Number of protein chains: 2
Amino acid sequence: MKSDRRPPNVTMADVAERAGVSRALVSIVFRGVPGASPATRQRVMQAAQDLAYRPDQRARLLGRNRSRTIGVVFGLHHEFHAELVEALYRSVEATGYDLALGATAPSRDERRAVKSLLDYRCEALVLLGPTLRRAAIEELADRLPVVVVARAMPRTSVDVVRTDDFGGARMAVEHLAGLGHTSITHVDGRRAPGAAERRRGYHAAMRDLGLLSETRLIAGGLTENDGERAADDVLTGPPTTAVTAFNDHCAAGLIAAARMRGLRVPAALSVVGNDNSHIASLTSVALTTIAQDASALAGSALGLARARAEASPDKLSPSEIVVPPRLVVRHTTAAPQPP
Amino acid sequence: MKSDRRPPNVTMADVAERAGVSRALVSIVFRGVPGASPATRQRVMQAAQDLAYRPDQRARLLGRNRSRTIGVVFGLHHEFHAELVEALYRSVEATGYDLALGATAPSRDERRAVKSLLDYRCEALVLLGPTLRRAAIEELADRLPVVVVARAMPRTSVDVVRTDDFGGARMAVEHLAGLGHTSITHVDGRRAPGAAERRRGYHAAMRDLGLLSETRLIAGGLTENDGERAADDVLTGPPTTAVTAFNDHCAAGLIAAARMRGLRVPAALSVVGNDNSHIASLTSVALTTIAQDASALAGSALGLARARAEASPDKLSPSEIVVPPRLVVRHTTAAPQPP
DNA sequence: CGGTGAGACTAGAGCGCTCTAGTTTCCTGG
DNA sequence: CCAGGAAACTAGAGCGCTCTAGTCTCACCG
């Protein structure tokens with residue numbers, strides 16, 4: 001089957017010649033705009049098929065002076081970003097826009113990713129959980145529309161789409177309270193992005209449930225190790241029957257440490273995570289957690305990006321879209337053991 | 001700071017004018033080829049800086065009739081692919097090539113990813129663990145150079161870069177034998193890609209160690225659940241002190257089930273996984289496993305892709321590069337408990 | 001039956017680069 | 001003092017598309 005590989009690229013002119021029409025007509029047909037008779041359309045398509053013609057994307061973009069491309073900066077190793085990217089692909093489908101991916105990793109920082117995307121003349125940038133300095137993001141937003149996803153940026157000039165972390169934390173507490181728990185502890189994420197919001201949500205929920213006196217806050221972190229360390233603090237001191245953790249990893253570490261001490265989860269200790277990471281769905285963990293709505297986040301982000309790309313600069317004032325999270329009940333929460 | 005956003009794109013001509021030279025000279029400077037005096041070079045660079053000029057990538061690619069772009073198809077949710085992509089970015093750095101990412105996900109299949117990459121006129125395609133039919137891949141390889149990574153494709157016309165699964169399985173067994181284990185069981189991956197190789201490696205190692213009579217093969221799978229199920233078979237029947245599992249997830253499930261039964265790992269049962277997935281490095285799992293060398297795989301893949309992109313078609317015969325894996329010792333393996 | 005206008009189609013000028021084939025400048029050696 | 005040649009620089013034709021401003025055809029209407 002080693003046929004004529006790499007034929008001297010088939011271009012529009014070739015198709016035009018074979019179909020016996022002008023190049024412009026081929027363009028019309030391929031863009032699907034009016035201006036060609038059905039018969040001709042058919043003929044052109046046939047010719048294109050015969051020659052295995054595919055329009056050159058680069059040239060298209062160059063020609064019409066819009067790239068119709070939206071750049072997405074995402075963390076290669078960040079599993080939730082993967083979900084967001086997938087959702088973005090789905091959302092972009094019907095819009096006529098294209099996605100260009102710029103990956104971020106320990107060995108490749110966001111500036112690099114942004115730069116290469118800029119070189120391809122994206123019309124807008126969607127930054128997933130950017131760690132860039134606020135000023136850097138705003139500077140970027142001076143050059144092209146920027147949408148920040150999954151990071152709170154209070155009082156900024158860029159668009160933000162994020163999950164309601166405050167509400168999510170509240171949901172976790174309410175779920176536990178609903179099961180009958182009263183002494184509910186929060187293991188927080190210290191200074192991690194979102195940690196403050198979740199802490200506040202926890203607090204507000206406890207207050208509203210009349211459990212203010214039971215409020216107990218423990219410094220945690222983002223990793224399993226943080227969770228394990230926090231277990232010491234949780235399990236000593238006043239007895240607690242339930243914990244909401246900053247995220248799933250922290251929760252998993254906590255659970256592992258608790259079980260190591262012979263504590264049964266959820267019988268003796270209920271735990272709610274946050275993020276619905278892959279780890280939460282592992283059957284050996286089966287963590288009850290708060291899930292973010294990737295589709296909604298992606299859809300909103302794309303909507304904003306397009307709106308700005310199409311609007312004349314600075315016509316729209318920056319908006320913040322807050323998406324509600326969802327409680328996913330698995331097997332780490334149960335009614336408290338009768339004493 | 002809402003300055004003049006979206007300035008009517010600054011082009012090469014603008015830079016040329018400001019520097020008082022021809023467009024061609026600007027091109028020379030930006031391509032870094034000889035033909036400009038240091039003084040001029042300096043002047044042009046300054047002008048470019050003043051205008052915040054960045055060459056339009058699309059136009060560059062169109063102009064020189066080579067895209068110098070290598071397409072990479074990867075699975076968004078496949079964590080090892082993330083590592084490979086990162087390594088590819090590192091490898092591509094110094095080559096003057098660029099990477100274009102095409103993501104694959106449950107809702108976006110490989111054909112889609114390949115198609116969009118093709119539209120950007122990549123010069124070669126690197127497919128990470130493709131699930132495409134063999135025929136589809138070979139057909140693709142008729143159109144442009146294709147390198148398949150992390151999938152064995154015996155007797156094919158495309159280049160393949162993969163890890164030595166046979167050797168990896170052998171390493172796992174030898175590690176266990178070195179610790180003093182003799183009754184070593186293998187929980188396999190049934191028909192999963194790579195499973196057969198690993199099974200064979202296990203077998204060969206057992207034979208070479210004179211442990212053929214201890215050989216015990218149990219049907220497993222790729223998931224945690226498969227591992228949990230396999231635990232039943234492993235723990236009933238003839239006593240086993242060590243297990244090599246098809247992959248880390250299967251191993252983790254096995255360990256969880258074993259611990260659930262009160263069996264101590266590694267004291268009573270040593271377990272070796274395979275792949276060095278994220279889950280293996282979790283402190284609550286800390287799985288001894290076999291790691292693939294992402295850098296080597298990426299480097300080789302890129303090398304092949306470039307070689308083919310540069311060579312005249314079909315000059316090179318297809319090659320298969322097999323990269324040795326590496327044993328990562330964590331805390332699920334130890335010497336067998338004295339009886 | 002000439003005028004009109006919609007529909008089908010084309011010529012050709014970009015888009016922002018690259019690159020070949022020059023032209024100009026200036027040094028060097030005979 | 002000039003031939004020769006390298007180095008510095010420029011003109012202009014692409015690359016493969018899009019899109020504006022046409023031209024041509026032909027049905028339809030007053």
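These numbers come from a predicted model, not from an experiment. The analysis underlying the following values was restricted to heavy atoms, covering all of them including side chains, and did not include hydrogens, waters or symmetry mates. Order of the sequence lines fixes the chain letters, A, B, ..., with proteins taken first and strands second; residue numbering starts at 1 for each chain.
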For this session: Give A:Ala36 one of three labels, base, sugar-phosphate or nothing, depending on what nucleic acid heavy atoms sit under 4.0 Å from its own.
Result: sugar-phosphate

Problem set entry | B:Arg41 and B:Ser37: side chain donor to acceptor below 3.5 Å | no

Problem set entry | Which residue lies more 5' along DNA chain D, comparing A:Gly63 with B:Gly20 via nearest heavy atoms | B:Gly20

Exercise. Do other residues, nucleotides or ligands put more than 12 heavy atoms under 6.0 Å from the CD atom of B:Glu17?
Worked result: no

For this session: Could you check B:Glu138 against B:Thr156 for side-chain hydrogen bond (donor to acceptor under 3.5 Å, both in side chains), going step by step and ending with a plain yes or no?
Result: CA-CA 8 Å; B:Glu138 287 175 347; B:Thr156 184; 2.5 Å; yes

Exercise. So what does A:Pro34 touch, heavy atoms closer than 4.0 Å: a base, only the sugar-phosphate, or nothing?
Worked result: nothing

Exercise. Side chain of A:Glu123, backbone of A:Ser67: donor and acceptor closer than 3.5 Å?
Worked result: yes

Exercise. Can you find a pair of side-chain heavy atoms, one from A:Arg108 and one from B:Glu86, that are under 4.5 Å apart?
Worked result: no

Problem set entry | First-last contacting nucleotides on DNA chain C - partner chain A, under 4.0 angstrom, heavy atom | C:dA8 to C:dG16

Exercise. Using 30° and 60° as the class limits, which term best fits the ring planes of B:Phe74 and A:Phe74: parallel, tilted or perpendicular?
Worked result: parallel

Seminar exercise, completed: The answer to which of A:Ser27 and B:Arg23 contacts DNA chain D further toward the 5' end, by nearest nucleotide, is B:Arg23

